[in-house]
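First comes the structure, then the notes that go with it.
A note on names: the letters A, B, ... follow the listed sequences, proteins ahead of strands, and every chain is numbered from 1.
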Amino acid sequence: AQKVTQAQTEISVVEKEDVTLDCVYETRDTTYYLFWYKQPPSGELVFLIRRNSFDEQNEISGRYSWNFQKSTSSFNFTITASQVVDSAVYFCALSEAKMAQKLVFGQGTRLTINP
Amino acid sequence: ETGVTQTPRHLVMGMTNKKSLKCEQHLGHNAMYWYKQSAKKPLELMFVYNFKEQTENNSVPSRFSPECPNSSHLFLHLHTLQPEDSALYLCASSQDKGGYNEQFFGPGTRLTVL
């Protein structure tokens, strides 16, 4: 069965620091998809990125970067030069190709950026 | 209106009440979802609808009854709920089937069962 683990329950850093959110996944499927979502205090989950299992290329989008490593089953998310507006709960999620619409989420990491 | 909207945003109900949650998506998607987010568990998928047909029921108790009259609207009818059903209920939509189509979420309905 698929599983996503976000071991960091809460992280608190000072503004402008870099911070990495960890995500480890388990799946028996060879084709799967990984996602990161952000949940600000308003409640809605905001889609950040999707990665396919056959594409291990890392991605950078502004201050955000993602490191996908199949060898360690990890899909970590780094925020560079953090800002107060980055404060939110961040969720990593996985779906397998054979049940593609079933997103399995990790517990989430609450990130607080202090001014 | 854009994206995925949900009403009401907050709901307090007694265990004997009957209420409904509404979700509407303005993205032209054809798949819609209900999720439950409670304090003690990760986000849990409840139901999936594709082209108005229910394709997934994740062992949800019958006191939760979904309805999808068309691809843009999704309801969750609630009756005789329990206090442990208090949670944030999130609606989402996506285009077609396939995990490569990301799901877009609404702001949720914060439900409190007394």
Test item: B:V48 and A:K102 side chains (from C-beta on) under 4.5 Å apart, heavy atoms: no
Donor-acceptor contact present, side-chain B:Y33 to main-chain A:L103, <3.5 Å: no
Between B:F105 and A:F47, ring centroids under 6.0 Å: no
Any B:Q37 side-chain heavy atom under 4.5 Å of A:F105 side chain: no
Residues in residues 84-92 of chain A near chain B [non-hydrogen atoms, under 4.5 Å]: A:F91
A:Q57 CD: over 12 foreign heavy atoms closer than 6.0 Å: no
Which portion of A:Q6 sits near chain B, non-hydrogen atoms under 4.5 angstrom: neither
B:K52 atom NZ, over 12 foreign heavy atoms within 6.0 Å: no
Proximal to chain A - members of residues 106-114 of chain B, heavy-atom separation under 4.5 Å: B:G106, B:P107
B:L21 with B:M15, same ILVMFWY side-chain cluster at under 4.5 Å: yes
Per-residue contact mode, B:E44 against chain A (heavy atom under 4.5 angstrom): neither
Value rounded to 0.5 Å, distance of CG in B:L88 from CD in A:E44: 10.0 Å
A:K16, NZ atom: more than 12 neighbouring heavy atoms under 6.0 Å: no
Counterpart residues, side-chain contact (heavy atoms from CB on, under 4.5 Å), relative to A:D18 (two or more places apart): A:T80
B:L43, part contacting chain A, at a heavy-atom distance under 4.5 Å: both
Gap between atom OG of A:S95 and atom CD of B:E102 - 0.5 Å precision: 10.5 Å
Residue list, salt bridge (charged side-chain N to carboxylate O under 4.0 Å, His left out) with A:E59, at least two apart or on another chain: A:R51
Trace of the side chain to side chain contact (heavy atoms under 4.5 Å, CB included) decision for A:M99 with B:E56: CA-CA 10 Å; A:M99 292 182 68; B:E56 178 86 17; 4.1 Å; yes
Cluster overlap B:M32 with B:F104, hydrophobic side-chain contacts below 4.5 Å: no
Within-4.5 Å side-chain heavy-atom neighbours: B:T55 and A:Q101: yes
